[in-house]
Amino acid sequence: MKKRVVAIILAAGSGIRMRADKPKQFMELAGKPVLMHAVEPFAKNILITDIVIVCEKGRVKDTEKLMGDCCPGKTCRIVPGGRTRQESSYNGVKSCPPETEIVIIHDAARPFVDAKTVENVLAAAEKNGAAGAVVKTADTIIVKKGDFIDDIPDRKKTGRMQTPQGFRYGTILRAHEEALKNGMTNATDDCGLVLAMGQNVRIVEGDPLNIKLTDKTDFLFAEELIRSGEVKRS
Ligand code: CTP
Ligand code: MG
């Protein structure tokens, strides 16, 4: 039987910082919802057998309609999320079919993930148990202590964590369970849960164009990336 590799797309956030009339993953970008852009690279990838889309409980039915037959040849289910990203991710992980071996978790707010990143994350997750896409930072990163700088780590040692992030199924399930046991409830990142459990997380080189839409200027930038042909969309 074919190995089950599940893509979990997190779309249950409310997009407060975007200040729009609907969550950013449902806004239209070049004629289709951001969520559709985010799902497509996974839907097209032959290594992925199943797709789980996590969205707000009250939007499950509408999202089913919106997405239609977005993943031909794969099982696609839409499941309710939670109040935090961590809770939504845990719900997605728990909704995977029992034979799942690998999961790859991606933010619905990132419409431009490329096939190469997906494949590299999957391979590294299978080999190492956990892996995530990281890009270099052009800015120097500081560590805060109240209103003051506590530390300035060597820039060469810092990076920006993106999604997708991939895991062996047992690893991410246990990471979620351990996090809750230890009172960790608001992690913004799944690799962070594995790290908190004391396990290694492999870095995979990410793509700087795999941006996360957070506010209005990100949206303008995303539209320009498409318009200029800098990112290719089908
Ligand atoms: N997310 C989720 N469930 C939540 C919170 C976030 O599935 N309870 C998802 C978002 O939909 C998004 C991803 O996690 O795809 C990254 O989160 P973020 O960029 O913070 O999105 P929002 O939480 O929607 O935005 P904001 O923080 O501005 O409200
Ligand atoms: Mg958020």
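In this text the structure is predicted, and so the values were computed from the model without any measurement. Just so you know, ligand 1 is whichever comes first in the structure, and atom 1 is the first atom listed for that ligand.
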Are more than 12 heavy atoms from other residues, nucleotides or ligands located less than 6.0 Å from atom [atom1] of [X]?
X    : atom1 : result
K94  : NZ    : yes
K216 : NZ    : yes
E119 : CD    : yes
N200 : CG    : no
R77  : CZ    : yes
L220 : CG    : yes

Is there a nitrogen or oxygen of [X] sitting under 3.5 Å from a nitrogen or oxygen of ligand 1?
X    : answer
M18  : no
K212 : yes
L213 : no
V54  : no

Taking [atom] as the reference point, the nearest protein heavy atom with its distance:
atom                    : answer
atom 21 (O) of ligand 1 : K24 NZ, 3.2 Å
atom 14 (O) of ligand 1 : R85 CG, 3.6 Å
atom 29 (O) of ligand 1 : I16 N, 2.8 Å
atom 6 (C) of ligand 1  : G13 CA, 3.6 Å
atom 20 (O) of ligand 1 : R17 NH2, 3.0 Å
atom 15 (O) of ligand 1 : L10 O, 2.8 Å
atom 13 (C) of ligand 1 : D107 OD1, 3.3 Å
atom 24 (O) of ligand 1 : G15 N, 2.8 Å

With heavy atoms of [X] as the reference, note each atom of ligand 1 found under 4.0 Å away.
X    : answer
R83  : 8 (N)
S14  : 24 (O)
A12  : 2 (C), 3 (N), 4 (C), 7 (O), 8 (N), 11 (O)
S88  : 2 (C), 3 (N), 4 (C), 7 (O), 8 (N)
A109 : 15 (O)

Residue pair M27 / M18, side-chain heavy-atom distance below 4.5 Å: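 When only atoms from C-beta onward are counted, M18 and M27 do touch, with a gap below 4.5 Å.
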pair Y90-L180: side-chain heavy atoms closer than 4.5 Å: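 Y90 vs L180: side chains touch.
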contact_flag G82 ligand 1 heavy-atom lt 4.0 Å: yes
Min heavy-atom dist A11 to ligand 1 below 4.0 Å: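 Checking ligand 1 against A11, which is what was asked, there is a heavy-atom contact under 4.0 Å.
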Pick from I9, T84, I8, I53: the one approaching atom 4 (C) of ligand 1 most closely through a non-hydrogen atom: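 Comparing heavy atoms across I9, T84, I8, I53, the nearest one to atom 4 (C) of ligand 1 lies in T84.
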Co-members of the apolar cluster containing V134 [side chain, <4.5 Å]: M161, I203
Identified side chain to side chain donor-acceptor pair (under 3.5 Å) partner of H106 from the options T163, N210, T117: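 The single option meeting the side chain to side chain donor-acceptor pair (under 3.5 Å) with H106 is T163.
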Side chain, backbone, both or neither: the part of Q25 lying under 4.0 Å from ligand 1 by heavy atom: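 Answer for Q25: side chain.
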Part of R110 with heavy atoms under 4.0 Å of ligand 1, whether side chain, backbone, both or neither: neither
Name of the residue among E224, E223, E230 meeting side-chain contact (heavy atoms from CB on, under 4.5 Å) with R227: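 By the side-chain contact (heavy atoms from CB on, under 4.5 Å) criterion, R227 pairs with just one of E224, E223, E230: E224.
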Sole candidate of I102, V5, V6, V103 that passes side-chain contact (heavy atoms from CB on, under 4.5 Å) when paired with I48: V5
Test log, rule side-chain hydrogen bond (donor to acceptor under 3.5 Å, both in side chains), inputs D190 and S89: CA-CA 8 Å; D190 298 290; S89 164; 2.6 Å; yes
